[in-house]
Protein chains: 2
Amino acid sequence: MTETQKACNPGPATHDHRRCIATALREAEDLCRARAVNLTATRRRVLELVWQGHEPVKAYQIINNFRAGHQATKPPTVYRALDFLMENGLVHRIESLNAFVGCTRPENRHQADFFICTACHRVDEIDSGKIAATFEKLARQQNFTISHKTVEVYGLCRACHEKTGEQFHA
Amino acid sequence: MTETQKACNPGPATHDHRRCIATALREAEDLCRARAVNLTATRRRVLELVWQGHEPVKAYQIINNFRAGHQATKPPTVYRALDFLMENGLVHRIESLNAFVGCTRPENRHQADFFICTACHRVDEIDSGKIAATFEKLARQQNFTISHKTVEVYGLCRACHEKTGEQFHA
DNA sequence: GGACGTTATGTTATAATATAACGTTGATCA
DNA sequence: TGATCAACGTTATATTATAACATAACGTCC
């Protein structure tokens, strides 16, 4: 099991997700304080909504769920908050889904690559040292100079793969 | 004036892009005949427009440039044609750009990974045997079962990298 | 030969995603 | 105290994509 997963275990709803949210928010607060950037109430609320699960969340889900009490919000507010959160490595964008996911290890800035489960939609960051090396080697062969990348790998996570197996036996 | 055809993006050497287009269309015709699928005039025209360069082309560029004579078209027509072309491996979608690019080797069906130049926007398919192996190994470690992936690597192609170098000396 | 199925396209409307442009507020501080 | 700035509000609109239903063109089967 990788370090990425921390307290949360694979598969939907098998853990107390409130702890994931609390941890993510606390880490975000600490990091923003340390970096002297401003984690405002709006940004904090958006981060909380991104963390409503381990699945990617769409911008308009956030917009629609934003109202706390009876305050609504509008697209630019949420997109700005998402920009801030991405700049600060607290949230990643999943390009192939037009969606956003909380970063599980924001303390070290990184570009993330992802495994995305097509069954439960859980996203895990790939530990990407080896991937980077592979790409660098290929790039050198073509004289290509890499700056950044989008890597989103789809398939079944362990839990869902096992469930599928169960279905075959049922 | 249309958004068509800024001269071809160099890549290694400047080339006569009309030949690229002609080749792509001919190969498409051959493949569709061999597979007994129907490369209609609409689909052929969309493919031609996707091939207006080696850069990704947006759906609405295609829609706006579609008129041959004075016939316009509407989004569903073009999206349907793109779906057909993608199903038949003649076109790939670049997820992180919401854009489409002609496939350079449609004769063998494949999922493609890409190098995308941030300067000239040229796209090249990565020969991805090694990439797949690397991902498979990582996936096994996490008990993840891969089905497909999006890999889009950004940076400078050789030509643009060299140009940038020149600029630094200028 | 005409009813029917199939494939592809046309048409209308709208959904879903994202940003431009400009206005307001409240904190800070010279 | 008023200039500045960061953050957010507001309005409008741009961009990307699809749903839903209508029509056309063609083959086929009785």
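Residue numbers begin at 1 in each chain, while the letters A, B, ... track the order of the sequences.
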Q: Do A:Arg93 and A:Asn98 make a side-chain contact, defined as non-hydrogen atoms from C-beta onward lying under 4.5 Å apart?
A: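 The answer is yes, as the side chains (C-beta and beyond) meet within the 4.5 Å cut-off.
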Q: For D:dG9 and A:Thr77 - does any side-chain N or O of the residue sit under 4.0 Å from the phosphate oxygens OP1/OP2?
A: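 So the side-chain polar atoms of A:Thr77 do come within 4.0 Å of the phosphate oxygens OP1 or OP2 of D:dG9, strictly under.
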Q: Using 4.0 Å as the upper bound for N to carboxylate O, is an ion pair formed by A:Arg105 and A:Glu125?
A: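 Answer for the salt bridge query: yes.
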Q: For the side chain of A:Pro75, starting at C-beta, report the closest nucleotide among C:dT17, D:dA17, C:dA18.
A: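 Between C:dT17, D:dA17, C:dA18, the one nearest the side chain of A:Pro75 would be C:dA18.
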Q: Please confirm whether the shortest side-chain N or O distance from A:Asn98 to OP1 or OP2 of C:dA18 is below 4.0 Å.
A: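 It does, given that an N or O in the side chain of A:Asn98 lies less than 4.0 Å from OP1 or OP2 of C:dA18.
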Q: Short of 4.0 Å, heavy atom to strand atom, which residues of residues 26-44 of chain B count as contacting DNA chain D?
A: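 Heavy-atom contacts with DNA chain D come from no residue of residues 26-44 of chain B; none.
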Q: Does this structure show an ion pair linking A:Arg33 with A:Asp30, if we count only N-O contacts that are shorter than 4.0 Å?
A: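 Result for this pair is yes, salt bridge flagged.
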Q: May I have the distance from A:Phe84 (atom CZ) to D:dC5 (atom P), rounded to whole angstrom?
A: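 So the two atoms are 19 Å apart, to the nearest Å.
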Q: When you measure from the side-chain N and O atoms of B:Lys58 to the phosphate of D:dT16, is any distance below 4.0 Å, counting only OP1 and OP2?
A: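 Result: yes.
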Q: Provide, to the nearest angstrom, the distance between the CD1 atom belonging to B:Ile63 and the P atom belonging to C:dT11.
A: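 Taking atom P of C:dT11 as the reference, CD1 of B:Ile63 is at 14 Å.
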Q: Go through C:dA20, D:dA17, C:dT17 for me and flag the one nearest to the A:Pro76 side chain.
A: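 Of all the options, the side chain of A:Pro76 is nearest to C:dA20.
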Q: Whole angstrom is fine here: how far is it from OH in A:Tyr60 over to P in C:dT14?
A: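 After rounding, the reported distance stands at 18 Å.
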Q: Rounded to the Å, how far apart are A:Met86 CE and C:dA18 P?
A: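 To the nearest whole Å, that distance equals 9 Å.
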Q: So, B:Glu152 and B:Ser96: side-chain donor and acceptor under 3.5 Å apart, yes or no?
A: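 B:Ser96 and B:Glu152 do have a side-chain donor-acceptor pair below 3.5 Å.
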Q: Please report the distance, rounded to the nearest Å, between NZ in B:Lys74 and C1' in C:dT9.
A: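 Taking NZ of B:Lys74 and C1' of C:dT9, I get 11 Å after rounding.
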Q: Nearest whole Å is fine: how far is C:dA18 C1' from A:Asp83 CG?
A: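 The answer, rounded to whole Å, is 10 Å.
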Q: Has A:Tyr79 got a side-chain N or O lying under 4.0 Å from the OP1 or OP2 atom of C:dT19?
A: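 No, A:Tyr79 has no side-chain N/O under 4.0 Å of OP1/OP2 on C:dT19.
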Q: Distance check needed: D:dA7 C1' versus A:Leu82 CG, whole Å only.
A: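 One finds 15 Å between C1' of D:dA7 and CG of A:Leu82, rounded.
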Q: Taking the basic N atoms (NZ, or NE/NH1/NH2) and the acidic carboxylate oxygens, is any pair closer than 4.0 Å for B:Glu29 and B:Arg26?
A: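 Salt bridge absent between B:Glu29 and B:Arg26.
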Q: Using atom CZ of A:Arg80 as one end and atom C1' of C:dA18 as the other, report the distance to the nearest whole Å.
A: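 Going from A:Arg80 (CZ) to C:dA18 (C1'), I get 12 Å.
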Q: Within a strict 4.5 Å, meaning less than it, do heavy atoms of the A:Val101 and A:His54 side chains meet?
A: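 Not touching, per the 4.5 Å side-chain cut-off.
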Q: Under a 4.0 Å threshold between the charged nitrogen and the carboxylate oxygen, would A:Arg19 count as salt-bridged to A:Asp16?
A: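 Answer for the salt bridge query: no.
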